[in-house]
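Position 1 is the first residue of the sequence; numbering continues from there.
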Amino acid sequence: MCRSIKTLRPPALPEEATEDEIRAAALQYVRKVSGFRAPAAHNQEVFDAAVEAVTDATRTLLAGLEVRGPGTSARTKA
């Protein structure tokens with residue numbers, strides 16, 4: 001998919017992902033899928049709504065993941 005989206009869970013990150021990191025990943029995803037770096041004015045609302053939806057979904061995903069293995073905690077929370 002988009003190689004510039006980084007992994008936001010341990011052990012890739014030593015601490016919880018920040019809101020800025022989660023939103024940046026969501027923005028990169030929406031840019032990649034839509035094909036627009038910056039949408040035209042008539043697409044701005046739907047573009048922004050998509051970024052918010054992906055941000056929320058990412059936050060939910062990270063909060064629910066159980067990461068097991070060396071160098072990780074039993075459960076991550078974002």
Side-chain angles (χ1 to χ4, degrees):
M1 171 50 83
C2 190
R3 295 182 189 273
S4 62
I5 298 174
K6 67 182 183 178
T7 302
L8 297 179
R9 64 163 182 82
L13 290 181
E15 298 179 7
E16 293 179 358
T18 65
E19 271 303 303
D20 287 343
E21 290 170 321
I22 292 170
R23 185 162 176 18
L27 179 59
Q28 281 298 104
Y29 176 81
V30 172
R31 285 176 173 168
K32 183 69 169 186
V33 170
S34 70
F36 296 112
R37 178 156 169 45
H42 62 277
N43 287 325
Q44 189 69 54
E45 187 176 339
V46 71
F47 188 91
D48 291 344
V51 172
E52 288 310 311
V54 174
T55 299
D56 291 344
T58 302
R59 195 179 306 111
T60 299
L61 171 67
L62 292 174
L65 286 176
E66 289 187 31
V67 181
R68 298 178 182 172
T72 62
S73 61
R75 183 168 179 91
T76 63
K77 293 183 180 174

So CZ of F47 and CZ of R37: to nearest 0.5 Å the spacing works out to 9.0 Å

Quick one: do I22 and L61 end up in the same hydrophobic cluster if we chain Ile, Leu, Val, Met, Phe, Trp and Tyr together by side-chain heavy atoms under 4.5 Å apart? yes

Looking only at heavy atoms, the pair that brings T55 and A26 closest together is OG1-CB, 3.2 Å

Can we say R23 and D20 salt-bridge, meaning some charged N sits less than 4.0 Å from an Asp/Glu carboxylate O?
no

Indicate, with yes or no, if V30 and V46 share a hydrophobic cluster defined by side-chain heavy-atom contacts under 4.5 Å among Ile, Leu, Val, Met, Phe, Trp and Tyr.
no

**Item:** R31 side chain reached by L27 side chain, heavy atoms, under 4.5 Å
**Value:** yes

Is the shortest heavy-atom distance from the side chain of R9 to the side chain of E16 under 4.5 Å? no

When every non-hydrogen atom of A17 is compared with those of L8, the smallest separation belongs to CB-O, 3.7 Å

